[in-house]
Structures are given as C-alpha cells and as structure tokens.
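Below, all heavy atoms of this structure are taken into account, side chains as well, without hydrogens, waters or symmetry copies. The shown structure was predicted, so the numbers you read here are calculated from the model rather than taken from an experiment. Chain letters run A, B, ... following the sequence lines, proteins first and then strands; every chain starts at 1.
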There are 2 protein chains.
Amino acid sequence: MVVRKPRLGPDDWTAAALTAIGEQGLAGVAVEPLATRLGTTKGSFYWHFANRDALLEAALRSWDETYTDAILRTVDAEPDPAARLRALFVAVTASDRAPVEVHLHAAADHPAVAPAMRRAVTRRTAYIAAQLTALGFDPAEADRRALFAYATYLGHIQLVVRIPEAVPHGAALEAYLGTVLAALLGQPAANGTG
Amino acid sequence: MVVRKPRLGPDDWTAAALTAIGEQGLAGVAVEPLATRLGTTKGSFYWHFANRDALLEAALRSWDETYTDAILRTVDAEPDPAARLRALFVAVTASDRAPVEVHLHAAADHPAVAPAMRRAVTRRTAYIAAQLTALGFDPAEADRRALFAYATYLGHIQLVVRIPEAVPHGAALEAYLGTVLAALLGQPAANGTG
DNA sequence: GTCTCTCCATACGGTTCCGTATGGAGGTGG
DNA sequence: CCACCTCCATACGGAACCGTATGGAGAGAC
C-alpha cells in the first residue's frame, strides 16, 4: 500500500482521494492519512494544493469525467436507443463504481459536492430521457420515467453498498433487473389486481 | 433553541440526538455540541450514558419505533392491501421524515447503524411484499417488486434531501408518483415502443 | 563545483471532539 | 439541620485533524 514514488504530482493525490472516497467516503479525504498511504508527508501535499478543499474539487472533477462523461460516451456508441439504455443499465449495475457514487451522494451537503451531484443528475437523467423520447414516449412521460429510473438506480446502489444481503444474486438478480426494466420501459399499464 | 429544563433525563438526550441526525447526520451526534444545544454540559451526558455509542444506540431504537413500527401500525389499519400500499406511499413521501432516513443510510458503515438499516429494509420490504401477494402477485414477483419499490423510495428521498431541484413539485409531482405507482403495481407489461 | 529551483520532512500551534476526575448544588429522608 | 443521593459544572488529558513555518535534499544550468 505504501508504494513510494520518488516524486508525486497533483494527479497522484487526486487519484488517492477518489480511491479514499470509495473506501471511506468524504472523511477519507484527509491530508495526513492520505500522505501516509502515499508514503509521504503533508509537506508534499501543501506544495501541490492550497488546502483540503482544493484536493476535493480536483477529485470531483475527475469523478465527473470517469463516472459520467466516459460512461455516456461509451454507451452512446450503441446503435439504437434501446441498446443504449440496456448498455447503460449493464454498465452501472455490473461494475464496482457503486461505493464512490454512494459515498459522494452521502456527502452532498458539502458545498463542493452538491454542485457535482447536481451536474450528474441533470446530465444522466437528460440522457435517459432523450433515449426514452427516441423510443416514442412523449417528453413529459420520458422525463418522469428518467427520474424514476434514476431514483431506482440511486436506491439500488445504496442497497448494494450498505445492505448487500438485501439484494439478490445471480439468477434472482437477473429476474429482478428484468422486472425493473419491464416496469421502466413498458407501456403505462392499467391497474391490475394480479 | 437553548431551552433549559431544570433536569434532563436520557430521553431528552435521545430526542436531541435524533433531531441532530436529521439536521447534520451522524456527525451531529456529538456530545459537546448537543450539550450546548440542551443548555447543559458533558457532565450531564456522562451521568446518563456510558459514552457516545450508547446514545447512538438509544437514538436508533427510537428511530425503529417512530420510523418503522408506528408507520406500519398506522398503515395496517387500512381496510385492504391496495389502500395500505397507497397510505404507505403517501406517508413516506409527504412528511418530513426524509432527512433522518437519508442521513442514517449515509452512515450505514457505522457498526451500530448497519443493523438498524438491515432491520428496516427487512421489515419494510416484507410488509410491501405481503400486500403485493395479497393483491395476487406470486410470491417471487411480489418480493422483486417490493425491493424495486424500496429502492425507488430510497432514491427518491435521497434526491428530495440532496438535490431537491431535481424533484418535481405540485401537479408534476402527482403525475410523477402516478407513473411510479402504475409501474410498480401494474401488470408485467410487454415491451413497448411508445 | 556551486547556484538555484523544485519538491518534501519536521516541527509547531490551533480546533474540535471524546472521555475522566472531581467538586459541588439542590432536593429528600430521618 | 444534616447527611445523603442525584444530577450537573468545570477542568483536565488525549486523539485526530488542518494549516503554517522553515530547513533542507536532489537534480539540472552553467
């Protein structure tokens, strides 16, 4: 863990901060513990950054790029809206990105984190809504379903990170995601009593 | 705010702790700040409690009772499963309980909070699944939809607390909840292109 | 070799919290 | 009225941080 590099740059600190967010949340972005992990001291940190908040904002910019921009770029290469949505769902449920997302959302009361969360929800729901509109939903319904999908995503990663026992595995997880996708993409169903 | 009561009991500290969780999260459960708010000092606290964790556990027991037991008792007085589910949705979206729920979930990495979150998700999803089963869904599908509903709830309160601008108001909120409820309670819809 | 500039180590003071020790203040029983 | 018991105030030591000050260590310019 204490892999000493002869000299460090700001990017090393930013990457370490993002890793720490995934493991311990915002509290993990602490100068002295990070310095220990990087095998250096605060002297190095305060050479590259003005203060802790500057590091946090750099980490959040990196998060924007990795956790929203890159994902949407990749997914957007799919040929049609249905495939794009499907690829998006696979990408955000299958990988190990959940901890960072959950911990950041949990710290959205911090003045530097709140704008990042706003940017994320805006861009992500807009992208989903655009796909739904392309699938034939009228714009208002597309917006509602996009928000619905995003809320479900947030709750899902919350459960995955905080209470993993509550989330099914394997085939049961597949069946669960099938139920969710059918509900999100299906026709506005009439009320049913089963 | 500093309403001095001549003598305090454990319940005063527990209530203050739960209020602090709603406002500032787990970090708000700090002995010295709470003492200031209650117009007393740490001397009082450490008379009634062994340490900070003891206060936290008392607050979590109080949370169990207020935020799960009481709600489910009230809702269960409704005459039929559909009405119970509807009352449950109204109860959990309309009130100001969201901040406490969100802040507690955000602190589920704490060893005392994690069991409380497990208890909550277990009891709540079991209750929802029971209503869905009574509505005619087969048990496996009822479990899936209950978890789906709970994930959506978690994401929703997360958005309400952290990024309120992202959640619609008034009539738009009604329309949104209508879409959500239709999807959660509707027939397993066939895939639609609009 | 020495000068200089970049980068880091160490030491310090300040803040906020936890938990302990100890000395009361104030009501209650005898 | 006095001894006691419950409850609280004050003072202290310790831990984990942040940010600053200052003295180098190392590498390139010349």
Result for 5'-nearest mapping on DNA chain C, choosing between A:K42 and B:A30, is A:K42

N or O in side chain of [X] less than 4.0 angstrom from [N] OP1/OP2:
X: B:H48; N: D:dT6; answer: no
X: B:W47; N: D:dC8; answer: no
X: A:S44; N: C:dA9; answer: no

Can you tell me which nucleotide in D:dG19, C:dG19, D:dC18 comes closest to the side chain of A:V31?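 Looking only at heavy atoms from C-beta outward on A:V31, the closest nucleotide is D:dC18.
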
Pair B:R73 + B:E65: basic N to acidic O under 4.0 Å: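 Yes, charged N to carboxylate O under 4.0 Å.
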
Whole angstrom is fine here: how far is it from [atom1] in [X] over to [atom2] in [N]?
X: B:F49; N: D:dC7; atom1: CZ; atom2: P; value: 13 Å
X: A:F45; N: C:dT10; atom1: CZ; atom2: P; value: 19 Å
X: A:Y46; N: C:dC12; atom1: OH; atom2: P; value: 18 Å

Tell me whether the centres of the aromatic rings in B:Y153 and A:F148 are closer together than 6.0 Å. no

Stepwise salt bridge (charged side-chain N to carboxylate O under 4.0 Å, His left out) check, A:R52 with A:E32: CA-CA 10 Å; A:R52 200 201 97 143; A:E32 286 162 32; over 6 Å; no

Residue pairs passing the salt bridge (charged side-chain N to carboxylate O under 4.0 Å, His left out) test where at least one lies in residues 149-175 of chain B, sequence neighbours excluded: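 As it turns out, the salt bridge (charged side-chain N to carboxylate O under 4.0 Å, His left out) pairs with a partner in residues 149-175 of chain B, which skip direct neighbours, are A:D109-B:R162, A:R118-B:E165.
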
With nearest nucleotides of DNA chain D determined for A:G43 and A:E32 from heavy-atom distances, which residue corresponds to the more 5′ nucleotide?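 Checking each residue's closest nucleotide, the 5'-ward one belongs to A:E32.
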
